[in-house]
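Numbering of residues begins at 1 and proceeds along the displayed sequence. For ligands, and for the atoms within them, numbers begin at 1 and follow the listed sequence. As the structure is a computational prediction, the values presented were derived from the model and not from experiment.
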Amino acid sequence: MSAEERSPAVVFRHPWLKDGAEMWRVARDSQRLDLNTPYAYMLWTRDFHATSLVAEIERNVVGFVKGYWRPEEPTTLMIWQIAVDESQRGKGLAGRMLDELAGRTDAYSLETTIVQDNPESNRLFASFAERHGAQHTITDLFAEEHFPDEDDWQAELLHRITPLREDLRAGTTERA
Ligand SMILES: CC(C)(COP(=O)(O)OP(=O)(O)OC[C@H]1O[C@@H](n2cnc3c(N)ncnc32)[C@H](O)[C@@H]1OP(=O)(O)O)[C@@H](O)C(=O)NCCC(=O)NCCS
């Protein structure tokens, strides 16, 4: 059995309109993300195509990352959502999506918000920062009381990772 048969290749590409529904499905199945309307994912593929990626295995979308340039700091890529289908988790796919997106966009800084009790996501971004030798700072951003019904929401902490190294921005960083 060839290496490819054992582990099918992952294709990373910027999403098109037809991917919106699959991104919505991956988000829904994650049972973890705040699920936006399908319309929001479709709109995203149109207006934030260049700062988002889907991961495909055998032509099936198995993960996505949605990002945008912060309007007031346009070298900072804000990651809104990232998710991987359960069957593909723990294989480094989310880390590879972040590397790929940061490399393709030439981002200088990367930000996201994460709740404290999401160990996978916290580890994903900590590991990204370590891998690229960047500073990783965590500060308060959206507190429970900012949400419409504070009992249903957890505080979202702001993670900022900067500066990203030239080699990553040139798309040449190797993952261990
Ligand atoms: C968070 C998520 C995207 C990670 O995807 P993934 O492809 O499994 O992540 P990776 O395999 O690239 O692992 C990234 C890091 O997290 C670690 N990790 C993975 N699963 C973990 C778990 N259950 N607990 C603790 N750490 C974990 C990995 O070991 C790796 O760290 P390392 O580089 O130091 O080894 C995935 O768990 C997911 O879709 N969760 C639901 C949606 C979500 O919570 N998204 C984030 C909020 S926006």
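Looking at Ser127 against ligand 1, only its side chain comes within 4.0 Å, counting heavy atoms. Only the side chain of Arg32 comes within 4.0 Å of ligand 1, counting heavy atoms alone; its backbone N, CA, C and O stay farther away. Contacts between Glu130 and ligand 1 below 4.0 angstrom, taking non-hydrogen atoms only, are absent altogether. Heavy atoms of Asn118 found under 4.0 angstrom from ligand 1 belong exclusively to the side chain. If you look at Thr112 next to ligand 1, there are no close heavy atoms at all, none under 4.0 Å.
The contact set between ligand 1 and Lys91, taken as ligand atoms under 4.0 Å from a residue heavy atom, comprises 11 (O). Atoms of ligand 1 lying under 4.0 Å from any heavy atom of Gly95, numbered from 1 in the order shown and given with element: 12 (O). Listed by number with element, the atoms of ligand 1 under 4.0 Å from a non-hydrogen atom of Leu33 are 42 (C), 43 (C), 45 (N), 47 (C), 48 (S). Annotation for ligand 1: atoms under 4.0 Å from non-hydrogen atoms of Gly90 are 6 (P), 8 (O), 11 (O). Shown in contact with Gly92 at under 4.0 Å from a heavy atom are these atoms of ligand 1, numbered in order with element: 10 (P), 11 (O), 12 (O).
Comparing Glu120, Arg89, Met97, Glu86 by heavy-atom distance to atom 20 (N) of ligand 1, the nearest is Glu120. Here atom 6 (P) of ligand 1 lies nearest to Ala94 when heavy atoms of Ala94, Ala55, Ala83 are compared.
Among the atoms of Arg123, some N or O lies under 3.5 angstrom from an N or O of ligand 1. Taking distance alone, with nitrogen or oxygen atoms compared against 3.5 Å, Ile82 approaches ligand 1 more closely than that limit.
In this structure, Arg32 contributes its side chain and Ala83 its backbone to no donor-acceptor pair below 3.5 Å.
If you check the side chains of His14 and Asp19, you find no donor sitting under 3.5 Å from an acceptor. Under the 3.5 Å distance criterion, with hydrogens and angles disregarded, no donor-acceptor pair is assigned to the side chains of Tyr108 and Glu73.
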Candidate pair Arg59 and Glu56, rule salt bridge (charged side-chain N to carboxylate O under 4.0 Å, His left out), full reasoning:
CA-CA 5 Å; Arg59 295 180 179 269; Glu56 252 186 359; over 6 Å; no

Would Met97 and Val84 count as a side-chain contact (heavy atoms from CB on, under 4.5 Å) if you check the C-alpha gap in whole Å, the side-chain angles of each, and the deciding distance to 0.1 Å?
CA-CA 10 Å; Met97 282 199 291; Val84 169; 3.8 Å; yes

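Residue Ser109 comes nearest to Arg160 through the heavy atom pair OG-NH2, 3.4 Å, listed as atom of the first residue, atom of the second, then distance.
Side-chain contact between Thr37 and Trp24: absent, with no pair of heavy atoms (C-beta onward) separated by less than 4.5 Å.
Between Tyr41 and Phe64, the ring planes are perpendicular. Angles over 60° get that label, and only those under 30° would be called parallel.
A chain of hydrophobic side-chain contacts below 4.5 Å, direct or via other Ile, Leu, Val, Met, Phe, Trp or Tyr residues, connects Ile114 to Ile82.
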